[in-house]
2 protein chains.
Amino acid sequence: MQDLSQTEENYLKAIFKISEGTPTPASTNAISAEVSTSAASVTDMVIRLSKKELVDYKKRKGVRLTSKGLQIATHLIRKHRLWEVFLVEKLSFSWDEVHDIAEQLEHIKSPDLVERLDTYLGHPRFDPHGDPIPDADGKFAFRKQVLLAELTRGEQGIVVGVQDHSTAFLQYLDQLQLILGAQIELLERFVYDESVKIMLNNSREMILSKKVCQNLFIQKQPSLK
Amino acid sequence: MQDLSQTEENYLKAIFKISEGTPTPASTNAISAEVSTSAASVTDMVIRLSKKELVDYKKRKGVRLTSKGLQIATHLIRKHRLWEVFLVEKLSFSWDEVHDIAEQLEHIKSPDLVERLDTYLGHPRFDPHGDPIPDADGKFAFRKQVLLAELTRGEQGIVVGVQDHSTAFLQYLDQLQLILGAQIELLERFVYDESVKIMLNNSREMILSKKVCQNLFIQKQPSLK
DNA sequence: ATTTATTTTTAGATTAGCCTAAATTTGTTA
DNA sequence: TAACAAATTTAGGCTAATCTAAAAATAAAT
Ligand SMILES: [Mn+2]
Ligand SMILES: [Mn+2]
Ligand SMILES: [Mn+2]
Ligand SMILES: [Mn+2]
């Protein structure tokens, strides 16, 4: 029940991220890639986490979070995303600058702090990248969304999130004015390179590459025409 | 020039605190008391800090911050106090709850964060305990203040700070409504136990012990009568 | 079914930060 | 000034978190 080190917390988050969605356990190599350490270090840490009953681990069988581990990981994500909202909404950072700072802030230990921050921010349900913020019980909001790549000609929607969180992509989107909340209509999809022509905010046409389409989440709107 | 560990940063702050005011170097024992480690560990750390040119150290002669070390310590205090303002002003923590959280927040590394926070808070010059917040260049605001113990009968002033930062004292002051900004007139000082009778906010008389008088900073006001 | 490649674990070391116990230096008092 | 006390440093060890190199297990390919 003692406090975890930042390192231990980061491992739990990494394992969560890797096994999100899939029921298969996280492999040593996957974790080592995620936390940027050697596979040997991962084995070491994973054994320690399993002694603390935060993960289930059997030699060469990969790792799974226990419910205790899952709870801690979810709470870390809650803190991370709330801090990101704070940085963008209150300190006017842009969405490509906040991740690294939130990586540090998420480790601050205080029972009250998160909840007060949440209240102060007005209980936001999504972070600046459109990712859902789990509530105090660890429940994630669900939103029906599709990749822009899955939209068919004539369909409309709102930009609600990104798949790729890289600075390069986020800054590129800023330049294109493809920020969260932007309104999009798919005018045409070109078979040649799978690029698309869209209408942005009912006012401007623009061509987007396949790569962009595969990394932008859209919430569909009923076509009004 | 690499990043310092939290521990190293805490030692620099401790040395700063000990040598604040006095020109005499900080002793090993004083530091060990301040950071709650053994004297042996202090010697160890102090040697490492001097290799990084953050302190001047000569065996058995005590430790002094170099200008580089002083700059880092001051910046840590700036961050600490700004975060305390944030916690009280924005998240409505009370002044006795914020120190431990600020102890953690002060170690967050980000070139921009502090300055944006400072702007967001409106460039406060004093923290919730009345301690001055150094500016970006490391300059502390100066304010003419005296202890309540130094006030003479008939003199008036405003509560502007505390010497003792303990939770017990701060909570006691809250109960007495002796918060920062409270207006005080010294009605009488009793020789028997050096307690005083004061008029609080021109509306209520109250007796305060010698101990309280020695831990409350007052900014004198010209008596208006 | 062997051989080869990949993944994972083991072994042995390193570093920061801490500890206790003992030695040394410095300061104080008889 | 000699004896005692206090402050400081040295010596030796411990733990968490990391590394590299080598061994072992599993998976893939010939
Ligand atoms: Mn993030
Ligand atoms: Mn995010
Ligand atoms: Mn404080
Ligand atoms: Mn303070």
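Here is how names work: the chains are called A, B, and so on, in the same order as the sequence lines, proteins then strands, and each is numbered from 1.
For the ring pair (Phe, Tyr, Trp, His ring centres under 6.0 Å) condition, the pairs that include at least one residue of residues 45-84 of chain A, sequence neighbours left out, are A:His80-A:His99, A:Trp83-A:Phe86. For residues 97-108 of chain A, every residue pair satisfying the salt bridge (charged side-chain N to carboxylate O under 4.0 Å, His left out) rule, not counting sequence neighbours, is listed here: A:Lys13-A:Glu103, A:Lys13-A:Glu106. Contacts classified as salt bridge (charged side-chain N to carboxylate O under 4.0 Å, His left out) and involving residues 34-58 of chain B (residues at least two apart or in different chains) are given here: B:Glu8-B:Lys52, B:Lys17-B:Glu34.
The CG atom of A:Leu49 sits 15 Å away from the C1' atom of D:dT18 (whole-angstrom rounding). Rounded to whole angstrom, the span from the NZ atom of A:Lys58 across to the P atom of D:dT26 amounts to 15 Å. For the pair B:Lys61 NZ and C:dT26 P, the computed distance is 7 Å after rounding to whole Å. In this structure, A:Gln6 places its CD atom 18 Å from P of C:dA16, rounding to the nearest Å. Rounded to whole Å, atom P of C:dA16 lies 16 Å from atom CD of B:Glu9. Protein atom NE2 of B:His107 is 15 Å distant from nucleotide atom C1' of C:dG17, rounded to whole Å.
Between the side chain of B:Arg143 and the main chain of B:Gly130, a donor-acceptor pair closer than 3.5 Å is present.
A distance of 10.5 Å separates CD of B:Gln71 from CG of B:Leu54, quoted to the nearest 0.5 Å. In this structure, the separation between CG on A:Leu76 and CZ on A:Phe16 is 10.5 Å, given to the nearest 0.5 Å.
Annotation: cation-pi geometry satisfied between B:Lys90 and B:Tyr120 (NZ/CZ under 6.0 angstrom from ring centroid, within 45° of ring axis).
Contact check on A:Lys79 versus A:Glu9 returns no salt bridge, with no Lys/Arg side-chain nitrogen under 4.0 Å from an Asp/Glu carboxylate oxygen.
Taking side-chain N and O atoms only, B:Arg48 has no distance below 4.0 Å to OP1 or OP2 of C:dA16. Put simply, A:Arg60 has no side-chain N or O that comes within less than 4.0 Å of OP1 or OP2 on C:dT7. A close approach under 4.0 Å does occur between a side-chain nitrogen or oxygen of B:Lys59 and OP1 or OP2 of D:dT10.
For the contact set between residues 11-39 of chain B and DNA chain C, defined by any heavy atom under 4.0 Å, the members are B:Tyr11, B:Thr37, B:Ser38. The stretch residues 40-47 of chain A touches DNA chain C through A:Ala40, A:Thr43, each having a heavy atom within less than 4.0 Å of the strand.
In this view, A:His129 and A:His165 satisfy the ring pair (Phe, Tyr, Trp, His ring centres under 6.0 Å) rule, not counting sequence neighbours.
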